[in-house]
Number of protein chains: 2
Amino acid sequence: MSPLIHINFRDARPIYQQVKDGFCQLILSGALPPGYKLPSVRELATSLTINPNTIQRAYRELEQEDYIVSVPGKGSFVCDGKQAAQARRRELMERFEKLVKEMEQLGISRGQLIQKLREGEEKP
Amino acid sequence: MSPLIHINFRDARPIYQQVKDGFCQLILSGALPPGYKLPSVRELATSLTINPNTIQRAYRELEQEDYIVSVPGKGSFVCDGKQAAQARRRELMERFEKLVKEMEQLGISRGQLIQKLREGEEKP
DNA sequence: TAACTGTATTAAGACACATAGTACAGTTAA
DNA sequence: TTAACTGTACTATGTGTCTTAATACAGTTA
């Protein structure tokens, strides 16, 4: 019954972007398996009390980025996602390297970051 | 002669934000030492061919965030920056942890990231 | 047939960003 | 003192994005 997606109206990101990001994460994490049928444009719009056009924009862009496929009359479905996940991993790796360089400029060494990573390694 | 700040009109960030980010980096990296006199609002606006109001907004926010101090009639000057650097480090640490968690969800382990960090440790 | 599905279009309002022009007060050097 | 600089404040205007709204059309399914 939890509504898959949560919208925060105080978020700086526009609504359609929050919808996109939400589904991206659900798909990439495997929470929504390939073939899963997404809620219809009108259904999701109603349950979130936002405009159908806003949902449609999110779905259109998700399809353009190969996260889902939309079939008129049938619905929208999660794609295989292996390609999308691969591309996403590369993107995050780039962000990671960029962030590390920025932190080095402020005097945070790679060694400190390694230690920070080790701290989170324990499994409680 | 290099104009301190570069504006990219194709950048998604608004101009005033690009100006802010540019000076933040220059100040935090130490390229602009405490006490350094920034170009005047009108001078920078002319050299970048953008509106003085846009520069003023950037300077106003930089002052609110303790990166610079502006004195009417005299100019704008770089602050000490130790406090700002401390706040910036905390902010980057949060972004780092957030990014790491996102990468873990996509199957990139902390171990892999540690190895990645070690690769960049050599000094050529 | 009726009720669903995605898709497309146009209109309107709200808001942020940027520009333009003007004005005022403090500082500094000629 | 004057002239030229400095930051600051304000209003008006144009533009683009986001969002809502109201329709309309075509494909699918029970």
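Both backbone and side-chain heavy atoms feed into the values below; hydrogens, waters and symmetry mates do not. So you know, we letter chains A, B, ... as the sequences are listed, proteins then strands, and number each from 1.
No donor-acceptor pair closer than 3.5 Å links the side chain of A/Thr49 to the backbone N or O of A/Thr46. Side-chain atoms of A/Gln18 come within 3.5 Å of backbone N or O of A/Asn8 as a donor-acceptor pair. A donor-acceptor pair under 3.5 Å is formed between the side chain of B/Arg89 and the backbone N or O of A/Leu106.
Along DNA chain D, the nucleotide nearest A/Lys74 and the nucleotide nearest A/Phe9 are compared for position; the residue whose nucleotide lies closer to the 5' end is A/Phe9.
Judged as a side chain to side chain donor-acceptor pair (under 3.5 Å), and not counting sequence neighbours, B/Glu43 has no contacts. Judged as a side chain to side chain donor-acceptor pair (under 3.5 Å), and not counting sequence neighbours, A/Thr54 has no contacts.
Dashed line: the shortest gap from a side-chain N or O of B/Tyr16 to OP1 or OP2 of C/dC17 is under 4.0 Å.
Atom NZ of B/Lys101 is surrounded by 12 or fewer heavy atoms from other residues, nucleotides or ligands within 6.0 Å. For A/Gln25, the CD atom sits in a loose shell: 12 or fewer heavy atoms of surrounding residues, nucleotides or ligands are nearer than 6.0 Å. Within a 6.0 Å radius of CD in A/Glu102, more than 12 heavy atoms belonging to other residues, nucleotides or ligands are found. Counting heavy-atom neighbours within 6.0 Å of A/Gln115 CD, excluding the residue itself, gives a total of 12 or less.
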May I have the step-by-step check of salt bridge (charged side-chain N to carboxylate O under 4.0 Å, His left out) for A/Arg90 and A/Glu94, ending in yes or no?
CA-CA 6 Å; A/Arg90 271 196 293 272; A/Glu94 282 179 22; over 6 Å; no
Check against side chain to side chain contact (heavy atoms under 4.5 Å, CB included), A/Leu117 and B/Leu117
CA-CA 10 Å; A/Leu117 285 173; B/Leu117 285 174; 3.7 Å; yes
Check against salt bridge (charged side-chain N to carboxylate O under 4.0 Å, His left out), B/Arg60 and B/Glu63
CA-CA 5 Å; B/Arg60 188 203 314 136; B/Glu63 182 170 31; over 6 Å; no
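Looking at residues 57-68 of chain B, you'll see B/Arg57 sit with a heavy atom under 4.0 Å from some atom of DNA chain C. Within a heavy-atom distance below 4.0 Å of DNA chain D, the residues of residues 37-51 of chain A found are A/Arg42, A/Ile50, A/Asn51.
Taking a heavy-atom distance under 4.0 Å as the criterion, the stretch of DNA chain D touched by chain A extends 5' to 3' from D/dC18 to D/dT29.
As rounded to whole Å, 14 Å separates atom C1' of C/dC17 from atom CD1 of B/Ile55. Taking atom CD1 on B/Ile7 and atom P on C/dA18, their separation rounds to 9 Å, with Å as the unit. A straight line from CD of B/Gln56 to C1' of C/dA18 spans 13 Å, rounded to a whole angstrom. Distance CG (B/Asn53) to C1' (C/dG21): 9 Å, rounded to an integer number of Å. Rounded to an integer number of Å, the gap from B/Lys20 NZ to C/dC17 C1' is 14 Å. Look at CZ on B/Phe77: it is 12 Å from P on C/dT27, rounded to the nearest Å.
The shortest side-chain heavy-atom distance between A/Leu44 and A/Tyr59 falls under the 4.5 Å cut-off.
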Note, DNA chain D 5' to 3' with Watson-Crick or G-U pairs under 3.5 Å encoded as ( ), [ ], | and . gives ||||||||||||||||||||||||||||||
